[in-house]
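Position 1 is the first residue of the sequence; numbering continues from there. Heavy-atom basis, side chains included; hydrogens, waters and symmetry copies ignored.
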Amino acid sequence: MSLFMENLISDRLGGKMFGKDTTIYKFEKIKRAKRAAVKDNPGVELIDMGVGEPDAMAHDEVVKVLQLEATKKENRFYSDNGIDEFKHAAANYMKKRFGVELDPNTQVNHCIGSKPALALLPIALINQGDVALMTVPGYPVSGTTTKYLGGEVYNLPLLHENNFLPVLENIPADILKRAKFLYMNYPNNPTGAVATKEFYEKVVKFAKENDLAVISDAAYIELSYGEEPLSFLSIEGAMEVGIEIHSLSKSYNMTGWRLGFVCGNEHLVKAFATVKDNNDSGQFIPIQKAGCYCLENPKLIEHTKAKYARRLNMLAKVLRTHGFTVNEPKGTFYLYFGIPKATVSGRKFESAEQFCDFLIREKLISSVPWDDAGNFLRFSVTFDAPTVEAEERIAKIIDERLATEKYIF
């Protein structure tokens, strides 16, 4: 590496130590273990339960909208902070699905997927020394940007005994005094938990009492099972304190399309739009047009929901057969369950990362470990299986491979 450039890298990326960190992060460890397992077991299928991305294509009619709109000359321009048609479609969707009234001109703004929105929002809120309240395990993007800006992150553990809801009362007073926003994500990745109306009411009260904003990440809101999905913004007073981020990625099989929207408190939406306007030039207009079609046709989600519900039920039964304590989640497409302490044959596991490595290398089953609040694994049921019979084949393989051990919990 050039010594000249080495001296120029920012401290937030490590400065002179950038690129020299020998720490191996968990996703890189998983990749290495998968490569080794495949090499050591030629001809044996690796079952990948780790990929948190839909296995299906976007619906044909959505693709056709994209194709048609991409042929129109007027759609070639920058969209900046989004086309009015998409803002109106988002506002109508929020009203019809969740009973939330929004002004599309002032309370809605598109984003190039929810991840960039979560990365940009701290720029609108965080000053040096401010604190972001982040739930763990979870999606860390807003916390990462907060640290880049000279802020701090205070983690709120999501524990089974609290139904995977953060305990707000336990936050120290000195942290609360500096807290600028609370990030929450329900239905939750990775736990699969959903928030109750009572919890959201508590969050509104908490935000008002402590002068902080609420960022509600609703990327999985349409993947709710057994009960109607609940928007944070439908709670009385929520519009005063927060915003909600919606994504078309998971429910409409459009992860690579990169489209979502931020909605809610007018002042914060405007602040987000100001930051965004200085960071990108908007998503391709034909993609926004296709997004309008999706938001106007939520029935497109029904088949996808039914598929994930079926797979979650199928895999939960398999895991319970082998002693794992796992319940079908109320949302998302993830199973989240505690690891065993050991196997009868003598293998011991002190962390989810160790058990994950064991499953990959010895059972050729890949997953994602979480050791932030207990030792848990996450199975994603987004594996590639075009038919019910193919799903059952995957479940049978997992069952057979787990059955070669007896587990101690």
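- Of the N and O atoms on the side chains of D399 and H322, at least one donor lies less than 3.5 Å from an acceptor on the other residue.
- A heavy-atom distance below 4.5 Å is found between the side chains of Y293 and E61.
- Aromatic ring centres of F261 and H110: separated by at least 6.0 Å.
- In this structure, the side chains of T332 and V194 stay at 4.5 Å or more apart for every pair of heavy atoms.
- Between E101 and K95 there is a salt bridge, with a side-chain nitrogen of the basic residue lying less than 4.0 Å from a carboxylate oxygen of the acidic one.
- A side-chain donor-acceptor contact under 3.5 Å links Q354 to the backbone of E350.
- A distance of 8.5 Å separates CD1 in I215 from CG in L182, rounded to the nearest 0.5 Å.
- For the residue pair E152 / T146, no side-chain donor-acceptor distance below 3.5 Å is found, with atom types taken as modelled.
- With rounding to the nearest 0.5 angstrom, the CD1 atom of I339 is 10.0 Å from the SG atom of C356.
- Open room surrounds NE2 on H160; 12 or fewer heavy atoms of other groups in view lie less than 6.0 Å from it.
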Working for salt bridge (Lys or Arg N to Asp or Glu O under 4.0 Å), residues E6 and K20: CA-CA 11 Å; E6 188 178 89; K20 299 177 183 178; 3.2 Å; yes
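- For the pair D48 and K34, the salt-bridge criterion is met [side-chain N within less than 4.0 Å of a carboxylate O].
- Contact between P137 and T191 at its shortest, heavy atoms only, is CG-CG2, 4.4 Å.
- Under the 3.5 Å distance criterion, the side-chain polar atoms of D80 are left unmatched by any main-chain donor or acceptor of G282.
- Inter-residue side-chain proximity for C111 and P116 is flagged as unmet; no heavy-atom pair is nearer than 4.5 Å.
- Checked against the 6.0 Å centroid threshold, Y186 and Y220 do not count as a close aromatic pair.
- Residues Y183 and D217 bring a donor and an acceptor atom of their side chains to less than 3.5 Å of each other.
- Closest heavy-atom contact between A395 and L315: CB-CD2, 4.4 Å.
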Can you list the steps and then say if K250 with E222 is a salt bridge (Lys or Arg N to Asp or Glu O under 4.0 Å)? CA-CA 9 Å; K250 306 300 192 294; E222 287 288 8; over 6 Å; no
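- Put simply, CG on N105 and CG on L102 are 11.5 Å apart, with the number rounded to the nearest 0.5 Å.
- At a threshold of 4.5 Å between non-hydrogen side-chain atoms, the residues F86 and I285 do not count as touching.
- For the 3.5 Å distance criterion, the side chains of E244 and S216 qualify, holding a donor opposite an acceptor.
- Defined by atom type and a distance below 3.5 Å, a donor-acceptor pair is missing between the side-chain atoms of T274 and D277.
- Across P54 and T255, no two heavy atoms sit closer than the pair CD-CG2, 3.4 Å.
- None of I245, T145, I126 except one satisfies the side chain to side chain contact (heavy atoms under 4.5 Å, CB included) rule with L121; the exception is I245.
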Salt bridge (Lys or Arg N to Asp or Glu O under 4.0 Å) between K205 and E236, worked out: CA-CA 10 Å; K205 184 173 182 288; E236 185 178 352; over 6 Å; no
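- Using modelled atom types and a 3.5 Å distance limit, the side chains of T382 and E53 yield no donor-acceptor pair.
- Residue M17 holds its CE atom at 12.5 Å from CG of D11, rounded to the nearest 0.5 Å.
- The residues K396 and E391 are annotated as not salt-bridged, no charged nitrogen and carboxylate oxygen being separated by less than 4.0 angstrom.
- Of the inter-residue distances, the one linking K289 atom NZ with K72 atom NZ reads 6.0 Å to the nearest 0.5 angstrom.
- The nearest pair of heavy atoms linking C263 to V108 is CB-CG2, 4.2 Å.
- Closest approach of K197 to L230, counting heavy atoms only: N-CD2, 3.6 Å.
- Contact check on D60 versus K64 returns no salt bridge, with no Lys/Arg side-chain nitrogen under 4.0 Å from an Asp/Glu carboxylate oxygen.
- Between R347 and E362 a salt bridge is recorded (basic side-chain N to carboxylate O distance below 4.0 Å).
- Side chain to side chain, N189 and R378 meet the donor-acceptor criterion of an N or O pair below 3.5 Å.
- Proximity of I398 to M49: side-chain heavy atoms (C-beta onward) are separated by under 4.5 Å at one or more points.
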Given the rule in the side-chain hydrogen bond (donor to acceptor under 3.5 Å, both in side chains) test, do T404 and K363 qualify, once you have shown the distances and angles that lead to the verdict? CA-CA 9 Å; T404 60; K363 310 302 176 187; 2.7 Å; yes
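- Contact check for E45 versus I394: side-chain heavy atoms found under the 4.5 Å cut-off.
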Mind running side-chain hydrogen bond (donor to acceptor under 3.5 Å, both in side chains) on Q283 and S79 for me, showing each step along the way? CA-CA 6 Å; Q283 184 53 281; S79 69; over 6 Å; no
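- No salt bridge links K202 with E198; every basic N to acidic carboxylate O contact stays at or beyond 4.0 Å.
- The shortest side-chain heavy-atom distance between K29 and R32 does not fall under the 4.5 Å cut-off.
- Between the side chains of R97 and S231, no donor-acceptor pair is found at a separation under 3.5 Å.
- Aromatic ring centres of Y336 and F164: separated by under 6.0 Å.
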Verdict with reasoning, E266 to K270, per salt bridge (Lys or Arg N to Asp or Glu O under 4.0 Å): CA-CA 6 Å; E266 180 178 339; K270 183 177 181 180; over 6 Å; no
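- V131 is not listed as a side-chain neighbour of K180, based on a closest heavy-atom distance of 4.5 Å or more.
- With F333 as the aromatic partner, R311 does not meet the cation-pi criteria of under 6.0 angstrom to the ring centre and within 45 degrees of the ring axis.
- One distance of note links CG of L125 with CG of L268; it measures 5.0 Å at 0.5 Å rounding.
- For R258 against S114, the heavy-atom pair with the smallest separation is NH2-N, 4.0 Å.
- If you look at F376 and F337, their ring centroids are not closer than 6.0 Å.
- In this structure, Y407 has its ring center closer than 6.0 angstrom to the ring center of F324.
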